Amino acid sequence: MPKSNFQNIALNSALQQNIESLGYSAMTPIQEAALPSILEGQDLIGQAKTGSGKTAAFGLGILQKLDVKNFNVQSLVLCPTRELAEQVAEDIRALARTLPNIKVLVICGGIPKKLQTNSLASGIHIVIGTPGRVEEHLEQQTLKLDDLSMLVLDEADRMLDMGFQPSIDAIMQYTPSKRQTLIFSATFPKEIESISKRVMRNPKHVQIESDHIDSDIAQKFYKVNDDTHRLTATRLLLLESRPDSTVIFCNTKKDVKEVAGELKRFGFSVIALHGDLDQIDRDQALVQFANKSTSILVATDVAGRGLDIEALDLVINYHTASDPETHVHRIGRTGRAGNQGIACSLFSEKEHFKINRLGEHLGFKIEAEKLPDLSLLKQPGYKAPMATLQISGGKKNKIRPGDIVGALTQSKEITGDDLGKIKVAANWSYIAVTRKFVDNAFRQLTDGKIKGRKYRVKRIS
Ligand code: ADP
Ligand code: MG
């Protein structure tokens with residue numbers, strides 16, 4: 001493939017410059033296939049796996065099209081979850097760095113509506129949100145889409161899975177018919193085709209090897225006898241390579257809870273991620289996983305959506321995915337950014353039908369490998385390398401990561417090497433500290449001050 005280059009496309013120079021500064025030297029395949037048409041104003045369905053750069057594909061399209069002087073909402077991006085919406089907003093803000101004063105607002109449940117209403121009234125160019133809350137604002141006329149020129153459905157397959165179809169349909173009624181519509185999705189079920197027929201005009205369909213699996217993902221399959229054996233197999237696989245970041249996918253919420261509970265009992269650092277968690281717990285779970293305070297997430301497919309973890313070492317499919325596309329999607333979380341990833345799938349006799357179908361889809365015969373030696377079970381589960389402290393102040397208190405590092409390293413008992421990721425959210429901050437120093441860090445933060453103020457500190461892992 002010839003080396004593609006952003007310079008070959010009709011992006012304005014401010015965006016071009018910024019792309020360089022973001023270190024994007026070449027377009028990803030989906031960007032190469034989609035961006036020229038998006039910039040020409042065409043409706044488009046973009047299908048490519050997670051991590052393929054879809055956000056920048058539509059993000060650049062949105063930014064190029066924007067009339068900065070018009071403070072009415074011109075672009076709306078719908079996403080399935082709040083995290084994804086926040087991620088997309090962050091990415092678009094980064095892409096917009098060299099443009100003057102672009103206002104991006106996230107509109108999702110879990111954030112007071114009044115705040116969103118005030119922000120909307122102050123003038124917003126781009127709204128990124130989940131369908132439910134966006135629909136509410138439209139009904140209450142606190143959001144107006146009369147000037148909307150670009151509508152994006154991101155992760156459309158998951159929005160449908162999550163039952164957002166009625167909301168999406170309702171939102172459509174509020175948008176001008178003269179608009180550009182983009183749909184991005186990792187898979188292309190027939191429901192999306194039918195939505196696209198209703199809401200798009202001659203869409204171009206670009207698909208980037210959705211079945212393709214990176215050669216840097218090693219796929220392994222293991223046969224188990226029953227559910228007890230399934231759990232043992234999982235422990236063996238974890239104990240064999242002791243990875244820092246593993247996601248275990250289960251098909252049901254009930255399994256997620258059970259598997260997480262069992263693994264915890266065996267001494268692993270594990271968190272269950274499922275639809276019953278409230279947003280705060282979910283946010284905290286993801287923070288702890290990303291900063292290596294918990295080494296295992298057990299998740300349903302829907303809850304696992306939107307995990308954007310740079311280096312996931314291992315994916316375990318506790319049960320065979322309900323369909324091959326879901327399998328491909330699950331394992332695509334590992335081996336990103338050139339890292340070698342491992343995907344281990346467990347199956348029993350009962351899942352033979354699914355396994356055969358998966359083998360056909362993947363294009364190879366699935367052969368079961370031998371599980372690691374049972375003697376490994378003598379070892380207890382292992383702990384994650386870091387632990388997380390939660391601080392009762394965040395961006396609203398003008399706290400920055402450097403302030404927290406400063407407060408912790410002042411006494412010189414703790415050095416920067418003992419600190420991990422810091423996340424400063426609106427009202428809270430989270431800092432990861434090596435387990436060895438977490439008690440010390442807790443004391444320093446509790447006894448000391450950050451920027452001259454005392455905060456409450458809580459250890460959450
Ligand atoms: P998707 O939405 O397809 O799952 P994202 O848009 O979130 O994937 O992109 C995945 C990662 O790739 C992000 O960290 C993004 O910054 C990075 N990325 C996107 N486009 C490029 C590019 N052209 N070159 C290098 N990195 C890129
Ligand atoms: Mg995406």
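Note that this is a predicted model, so its numbers are computed, not measured. In each ligand, atom 1 is the first atom listed, and ligand 1 is the first ligand listed.
- With 3.5 Å as the limit, one finds no donor-acceptor pair spanning the side chains of D244 and S295.
- Side-chain contact check for S241 and D313: no donor-acceptor pair (N or O, by modelled atom type) lies under 3.5 Å.
- Residues S21 and R97 have side chains that bring a donor and an acceptor to within less than 3.5 angstrom of each other.
- Contacts with ligand 1 closer than 4.0 Å are made by no heavy atom of Q87, backbone or side chain.
- Heavy-atom distances between A26 and ligand 1 reach below 4.0 Å in at least one pair.
- Close approach to K54 involves these atoms of ligand 1, each under 4.0 Å from a residue heavy atom: 1 (P), 2 (O), 3 (O), 4 (O), 6 (O), 8 (O).
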Verdict with reasoning, K204 to S37, per side-chain hydrogen bond (donor to acceptor under 3.5 Å, both in side chains): CA-CA 8 Å; K204 179 170 175 172; S37 306; 3.1 Å; yes
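- The side chain to side chain contact (heavy atoms under 4.5 Å, CB included) test with S149 is passed by exactly one of R179, Q180, K65: K65.
- Any N or O atom pair closer than 3.5 Å counts here, and G53 shares at least one such pair with ligand 1.
- In terms of polar-atom proximity, G51 is counted as a contact of ligand 1, with an N or O under 3.5 Å from an N or O of the ligand.
- For the pair F6 and ligand 1, the shortest N or O to N or O distance does not fall below 3.5 Å.
- Residue Y24 places at least one N or O, backbone or side chain, under 3.5 Å from an N or O of ligand 1.
- Neither the backbone nor the side chain of A48 comes within contact range of ligand 1; no heavy atom lies under 4.0 Å.
- Near T55, the atoms of ligand 1 lying under 4.0 angstrom from a non-hydrogen atom of the residue are 2 (O), 5 (P), 6 (O), 7 (O).
- Aromatic ring pairs are classed by plane angle as parallel below 30°, tilted from 30° to 60° and perpendicular above 60°; the pair Y382 and F268 is perpendicular.
- Aromatic ring orientation, H205 versus F188: tilted (interplanar angle from 30° to 60°).
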